[in-house]
Amino acid sequence: MRISRPLQLVAGVAALGVVLAACSAPNSGATAKTAESTSTGAATGAVSDVPDKPSAPVSLHILDVAGNQKLTGPMVDAFVKAHPDIVSAVTWESAGAPDLVGTIKPQVDSKNLSVDLVMTGTDGLSAGVGQNLWTPIVKDFGDRLSNMKTYLDPAAKMQDLAGDFGVVTTYYPSGPLLQYDPAVVKDVPKTPEALLAWAKANPGKFGYARPANSGPGRTFLMGLPYMLGDKDPSDPVNGWEKTWAYLKDLGQYVDNYPTGTGQVISNMADGTWSLIPTTTGWDINPRVLGTEPKTIEAAAFDKFTWVTDAHYAVVPKGQSADKMSAILQLLQYMLTPDVNAMAYDNGYFYPGPAVKGATIDKAPAASQTAIKDFGRDWYDALIEKMPKATPLTPANLVTAFDMWDREIGTGKYTVK
């Protein structure tokens with residue numbers, strides 16, 4: 001078991017949950033809470049109090065703050081079907097990452113949990129760590145999660161970001177890539193410099209969303225320092241001199257920065273824009289859903305570094321022994337190749353699986369068809385070929401967002 005370093009947190013890290021608002025999948029919607037599942041049994045004390053199997057089937061209530069239900073919901077359903085003696089029922093609730101701490105902290109403080117498990121991105125994970133809300137699941141129960149040893153290497157590095165407090169369930173290399181309308185863009189930029197020249201020649205036809213509210217936006221932001229040869233891609237304050245200068249130049253030709261990726265997709269679909277930064281998932285999934293024309297194309301920069309991303313399962317402190325037992329069984333099951341392959345979904349988090357052996361041939365037939373019809377046959381080779389880097393630490397990401405808001409986006413976006 002990889003026992004990884006703790007998240008690097010500062011006093012303001014809880015603000016990350018506030019500024020990261022658009023991590024949800026384009027095909028996810030708010031799911032109404034259909035039932036409450038309160039913790040039953042004594043809260044966990046010693047690790048030895050948690051049995052291998054609950055004394056009776058338990059119900060689980062899962063809070064999703066990352067649009068993750070579309071990816072992991074089928075895995076959970078399969079577990080319930082296969083193991084009704086462990087989990088009797090599951091209900092889901094969807095919320096935004098900024099609401100996570102406000103929802104979970106009162107439950108942890110009162111020792112009365114109604115949320116049993118949280119599916120989150122790095123934003124909610126780190127905000128909860130900052131408030132001491134999560135069970136150190138890897139430290140306490142790593143020996144029961146042996147499938148974590150089979151993580152793909154980039155997924156294992158994303159697990160390192162979680163320290164002991166979360167378990168990676170899905171992973172993707174993200175981007176940055178470019179998406180374009182081939183009827184308009186005849187000479188696709190291959191470098192940041194060429195992208196700047198295209199934007200200058202076609203003012204108002206290129207754009208991206210405010211990074212604090214957009215996965216593709218922040219992937220573009222974090223990917224530029226690698227492409228531009230900045231001094232330190234991990235330090236937006238002292239290491240991004242070229243990036244900030246570049247973004248200021250590029251911003252001269254951007255009319256506005258939407259406050260979410262959905263508007264970016266709409267701009268591409270109606271022809272307002274013809275060229276945008278994207279990720280593998282935001283390229284594939286909108287075309288699967290029909291919110292973008294299938295004819296929209298994608299391209300890669302000649303030289304770039306993938307900025308990776310992942311989803312995590314975290315458990316609020318004070319969970320009952322029986323429910324913790326069931327959750328451990330569930331997570332171990334989700335990290336088996338045949339089950340984790342469900343993360344191919346409709347391409348939103350492409351590829352999606354976090355473990356070795358979860359290949360496309362193991363994915364559901366509908367996922368295989370979606371990837372065949374709307375995927376890019378050059379993606380897999382590019383994922384293997386190009387280097388990968390984990391995102392900025394939470395504190396540095398907050399700083400980067402603040403600097404972008406003040407120095408790049410000011411006057412061209414509205415905070416909602």
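For an aromatic pair to be called close, the ring centres must be under 6.0 Å apart, and Trp198 with Tyr180 fails this. When ring centroids are compared, Tyr208 and Tyr257 come within the 6.0 Å threshold.
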* Step-by-step side-chain contact (heavy atoms from CB on, under 4.5 Å) determination, Arg210 to Trp404 -> CA-CA 8 Å; Arg210 180 186 180 221; Trp404 186 94; 3.6 Å; yes
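With hydrogens and angles left out, the side-chain atoms of Thr219 and Ser174 include a donor and acceptor closer than 3.5 Å. Side-chain atoms of Thr336 and Asp338 form no donor-acceptor pair, as typed in the model, at a separation below 3.5 Å.
In this structure, Leu71 CG and Thr169 OG1 are separated by 8.0 Å, a value rounded to the nearest 0.5 Å. In this structure, the separation between OG on Ser94 and CD1 on Ile62 is 10.5 Å, given to the nearest 0.5 Å.
Every pair passing side chain to side chain donor-acceptor pair (under 3.5 Å) that includes a residue from residues 241-250 is listed here, sequence neighbours excluded: Asp230-Thr243. Sorted by first and then second residue, the salt bridge (Lys or Arg N to Asp or Glu O under 4.0 Å) pairs with a member in residues 287-313 read Asp283-Arg287, Glu297-Arg376; sequence neighbours excluded.
A pairwise comparison of heavy atoms in Gly347 and Ile371 identifies CA-CD1, 3.8 Å as the closest pair. Here the shortest heavy-atom pairing between Met158 and Thr122 reads CE-CG2, 4.1 Å. Between Leu275 and Pro189 the shortest heavy-atom distance is CD2-CG, 4.0 Å.
Note on Lys81 versus Asp77: no salt bridge recorded, every NZ/NE/NH1/NH2 to OD/OE distance being 4.0 Å or above.
Counting non-hydrogen atoms of neighbouring residues, nucleotides and ligands closer than 6.0 angstrom, the NZ atom of Lys105 reaches no more than 12 such neighbours.
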